[in-house]
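One structure is given below, encoded as structure tokens.
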Amino acid sequence: MAKKRLQTTDKDIINLAKIVGEKEILYKPSDLLAYDCDGFTIHKHLPKVVVFPNNTEEVAEVVKYCDTHQLPFLARGAGTGLSGGAIPLNGEVIISLVKMKRLLSVDLENRRAVVEPGFVNLKLTNSIAHKGYYYAPDPSSQYACTIGGNVAENAGGAHCLKYGVTTNHILGLEVVMPNGEIIDISSNGVPDAPGYDLLGLLTGSEGTLGIVTKITVRILKNPEAKQTVLAYFDKVEDGSQAVSDIISSGIVPAALEMMDKTAIAGVEAAAFPVGHPKDIEAVLLIEVDGISAGIDEQINQILAVCNNRNVREVKVAQSEEERGRWWANRKTGFGAMGAISPDYLVQDGVIPRSKLPEVLARINKISEESGLRIANIFHAGDGNLHPLVLFDARKPGETERALKAGSECLQVCADVGGTITGEHGVGIEKREEMRFVFTDREIQAQTDIRDVFNPKNLLNAGKLFPTPGRCVEIKKEMKEALRTS
């Protein structure tokens, strides 16, 4: 049987196919439709082509080809990102890393594992659970999102209150630079290693500085004990104050989550209902873990705090099955909005915990003024809010109103001393909102760092930073200041 040949005359596609193989490339418009956006579906752009390398060397060769021929390119994981970081704005060559999905090694003695970027987050915990270990970062999409994508966005999760976000668990990275050079950045687990914190710089850089092809992560021993509390409040203000009271009492829960009435309606209409009262205004999901001694005392303190804040009902999970149902209900929160709205926009801001009642009141006002429902699901313990703006894209003007309402929610976060993202990244969704928290000069300093790694700006261009305003002028001012200093 004759070998099937590529049905194209595009020289770039033919040459890229020589690198990864003809079976590992998509270029027909009908095939590319699945790659025109990520979880931020408001903007869509078709890539030039999608390639599926199987190893670091193939990634490097593809990057070298793009660099030589001035082709814009970007890396993509599972496409679960919520800020448009993987959208091919410039008709990029998409380098999909989903086939680089191996667990390369596990070192229990030194509590670390090495994975490829396409390895699914939850699969790591499942792979080492029988040994009594787990991987702490747990985004709600952990059943689908990849660890490479988590590194790009510095993803968090419900348990980041106690355990931190992705950057707190990264020990080493293998990276393909924008010119195709392969470098290894590793701390080898050494705390406060000398030199610049390149791991910290690369983690959360949203795919604008390099393409991660191997990741060394920290793994943790399973806690001896774990207990979970569910608390219902008739007033959002009481639930919000209970959050502050729990933290100020000296307890640091593994997780402290909150959902408001609209969010509760969504999760109860979706796949994992647990019977939350329909008339409740707020629910808290609180989890503590650690050594067995002291867990009961912490739970009793939490129960007391909730009772002091007019809780309607508070209960402790009586089994692992019940605890699992409560968490499944919470972790489907974003997707559950599809059960009560045709479309929704997920926002991601951070505020001081003490400002929670004020901010929720202001978000409610934005909802009233826009005429759009806004559901609130968030990591209340560390002030990471997720207002979900519900809208119908089929109705003229509603998409624009939703985007405006989302931006206003982020402005509120900035106004109270917070910031515009805690774990979802900036991507294209929040580029202009970067001005809420950074001056033009500060933005220019960051783009100067990008230019050192990515001087041609071929890698994931147009992401993270706003459209240049005074950037050229500021750059001249900075150079002049350095020259005369």
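Here Arg435 pairs with Asp440 in a salt bridge; the nearest charged N to carboxylate O distance falls below 4.0 Å. Checked for salt-bridge contact, Arg362 and Asp415 meet the test: a charged N lies under 4.0 Å from a carboxylate O. Ionic pairing of Arg102 and Glu116 is present here: one or more N-O contacts between side-chain nitrogen and carboxylate oxygen are shorter than 4.0 angstrom. Between Arg76 and Asp38 no salt bridge is recorded (no basic side-chain N to carboxylate O distance below 4.0 Å). By the 4.0 Å N-to-carboxylate-O rule, Asp279 lies close enough to Arg312 to be salt-bridged with it.
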Please determine whether side-chain contact (heavy atoms from CB on, under 4.5 Å) holds for the pair Val274 and Glu322, giving the CA-CA distance in whole Å, both sets of side-chain angles, and the decisive distance to 0.1 Å. CA-CA 9 Å; Val274 297; Glu322 184 174 40; over 6 Å; no

Show your reasoning for whether side-chain contact (heavy atoms from CB on, under 4.5 Å) applies to Val106 and Ile219. CA-CA 9 Å; Val106 176; Ile219 56 177; 4.2 Å; yes

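His379 and Glu423 are linked by a side-chain donor-acceptor pair at a separation below 3.5 angstrom, with hydrogens and angles left out of the test. With 3.5 Å as the limit, one finds a donor-acceptor pair spanning the side chains of Asp348 and Asn384. Checked by atom type, the side-chain pair Tyr232/His276 shows a donor-acceptor distance below 3.5 Å.
Relative to the six-membered ring of Tyr133, Lys221 meets both conditions, a distance below 6.0 Å and an angle of at most 45° to the axis.
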Using residues 287-297 as the side-chain source, report each donor-acceptor pair under 3.5 Å to any protein atom, sequence neighbours left out, with the distance given to one decimal.
| unit_1 | atom_1 | unit_2 | atom_2 | d |
| --- | --- | --- | --- | --- |
| Glu287 | OE1 | Thr228 | OG1 | 2.6 |
| Glu287 | OE1 | Arg323 | NE | 2.7 |
| Glu287 | OE1 | Arg323 | NH2 | 3.2 |
| Glu287 | OE1 | Trp327 | NE1 | 2.8 |
| Glu287 | OE2 | His159 | NE2 | 2.7 |
| Glu287 | OE2 | Arg323 | NH2 | 3.2 |
| Asp289 | OD1 | Lys162 | NZ | 2.7 |
| Asp289 | OD1 | Tyr163 | OH | 3.0 |
| Asp289 | OD2 | Tyr163 | OH | 2.9 |
| Ser292 | OG | Glu224 | OE1 | 3.4 |
| Asp296 | OD1 | Gln227 | NE2 | 2.8 |

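For Glu321, the salt bridge (Lys or Arg N to Asp or Glu O under 4.0 Å) criterion is met by Arg325, not counting sequence neighbours.
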